[in-house]
Amino acid sequence: MAQQSPENSPSGKKVALGISGGIAAFKAAEVLRGLQRAGCIVRVAMTKRACEFIQPLTFRALSGAHVIVDDYAPDNPDPIAHITFSQTVDLFIIAPATANIIAKFANGVADDFLTSTYLASTSPVLIAPAMNTLMWHHPATQRNLRQLQSDGVHVIEPDEGEMACGTIGPGRLSEPKNIVAAALDILAHAEENTSRDLAGEHVLMTVGATREAIDPVRFLSNNSSGRMGFAIAEAAQKRGARVTVIAGATTVTAPDSISVIRAYSAEEMHAAVMKELSASSVFIGAAAVTDYRPIAPSLRKIKKTQSLLAIQLEKTPDILQDVAHAKQNQLLIIGFAAETENILANAREKLRDKELDAIVANDVTRAGVGFDTVTNEVTIISRDRKAPIHVPLMRKTNVANIILDEVVRLRARVKPAAVIQPPIRRPRKA
Ligand code: PMT
């Protein structure tokens, strides 16, 4: 029987692996082995249905520990196993996660060991769904997945291919090596919070949505909540950076530890950024800046007298572009691209035109991605890298750390701190 100990588990991270009842249950053995090879200590729990596909003995042999199926069973050594199990791990993985277990998690049903453990869990949770394609596409499953994502659960999407039942489409359990990689990524970034690799940097950021007045009660804006930007700000600060945020409208509260300067419009955000820029060494434009504004906002509320109303718009100042134009020395400039089509091509164009060091592209048409979600899926394109980095759907707090990893890498290539020219003033048209 394979014994695990801190000696043969260098990182010593504790992972709970939950297995629910699907044909892919046998692949959980490969996930377990991959995690062990990476130095994790793995405990296994199975649903009763999972035991019909593969015996608990297999996992007991591989993990060297009792496999919990039923915490009421007389052979269970721990009478409150779901509490001890959930409170003592660094990560809880469910692979495969059936439509049934996803539905139970999403609705807080706790009718067996695995579901009770999920409810009592305080660690990050990663689920790897596997099911028939029709079940995967069913609105109920998709609704439950969205619920779990908004509850902060990491989801690794199933692969496409031929299913055991003969249908072809998405639903196959993601490759065990991908599940292991996603798990290690979550564990690494949970740990990174203690790393100080951004010490000495002053990160200036834009966050949230700007608003452009149409009249005293109406405005043009967008759905940016501020989550993505604040997640980066908080992570950067934990990693040792001094952080200044220029925030437009946000629906989430700024972290207490972050210094926030509020700006209403693109013009105000532009002015605040230019004022702070000379003291900064990294600029990150996460805000959704309204691109157009009414040329002449009405000073009084516009009455509903006309059936059609035409409002003439003009471009707002491009903050990111002006930051790039004002750049001196080694200021690192990271932009975002919120796209709905030709994601990578459009993002590359912005990277080139705005002379950025890197751009973070998100396809905001996808569920759980972009505006007002707790998760994001992005592609980071850096000026000096041939291949972009694809960051699968995960919590924005984790995406933030991966973006900051890239900032650290870019900084290592060019060291001296930034010195910036005085701010550019861009007068608003009368
Ligand atoms: O706040 P959340 O709800 O968490 O949502 C996150 C997000 C979707 C807002 C974020 O991930 C994101 O994509 N932010 C950029 C949104 C955007 O405006 O993208 P864009 O492709 O239109 O702009 C490209 C870049 O230019 C961005 O860095 C933007 O900040 C910047 N820009 C755009 C216009 C302008 N006038 N000034 C700018 O600085």
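Position 1 is the first residue of the sequence; numbering continues from there.
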- Show your reasoning for whether salt bridge (charged side-chain N to carboxylate O under 4.0 Å, His left out) applies to Asp405 and Arg239. CA-CA 10 Å; Asp405 289 347; Arg239 291 168 73 158; 2.8 Å; yes

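- Under a 3.5 Å cut-off, the side chain of Thr316 and the backbone N or O of Arg293 do not form any donor-acceptor pair.
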- Step-by-step side chain to side chain contact (heavy atoms under 4.5 Å, CB included) determination, Thr115 to Val109: CA-CA 7 Å; Thr115 47; Val109 176; 5.5 Å; no

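- When Val153, Ile19, Thr47, Val125 are each tested for a side-chain contact (heavy atoms from CB on, under 4.5 Å) with Ile94, only one passes: Val125.
- Between the side chain of Asn223 and the backbone N or O of Phe371, no donor-acceptor pair lies under 3.5 Å.
- Between the Thr133 side chain and the Pro170 main chain, a donor and an acceptor come within less than 3.5 Å of each other.
- Counting only distance, with no hydrogens or angles, the side chain of Glu406 and the backbone of Ser382 share no donor-acceptor pair below 3.5 Å.
- Judged by distance alone, the side chain of Arg395 and the main-chain N or O of Val374 form no donor-acceptor pair under 3.5 Å.
- You'll find the side chain of Ser174 stays beyond 4.5 Å of the side chain of Glu157, heavy atoms only.
- Judged purely by atom type and a 3.5 angstrom limit, Thr210 uses its side chain to pair as donor or acceptor with the backbone of Thr290.
- Taking the six-membered ring where the residue is Trp, Phe92 and Phe105 present tilted rings, their angle falling between 30° and 60°.
- Atom CD1 of Ile186 and atom CD1 of Ile93 lie 7.5 Å apart (nearest 0.5 Å).
- Between the side chain of Arg411 and the backbone N or O of Ser281 there is at least one donor-acceptor pair closer than 3.5 Å.
- Between the side chain of Lys396 and the backbone N or O of Thr373, at least one donor-acceptor pair lies under 3.5 Å.
- Listed for the Asp363 side chain is a donor-acceptor partner under 3.5 Å among the backbone atoms of Thr365.
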- Message: Could you go through Met131 and Thr98, starting from their C-alpha distance and side-chain angles, then the distance that decides it, and tell me whether this counts as side chain to side chain contact (heavy atoms under 4.5 Å, CB included)?
- Response: CA-CA 6 Å; Met131 67 197 72; Thr98 57; 5.9 Å; no

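- Using a distance-only test at 3.5 Å, with no hydrogens or angles considered, a donor-acceptor pair links the side chain of Asn144 to the main chain of Ala140.
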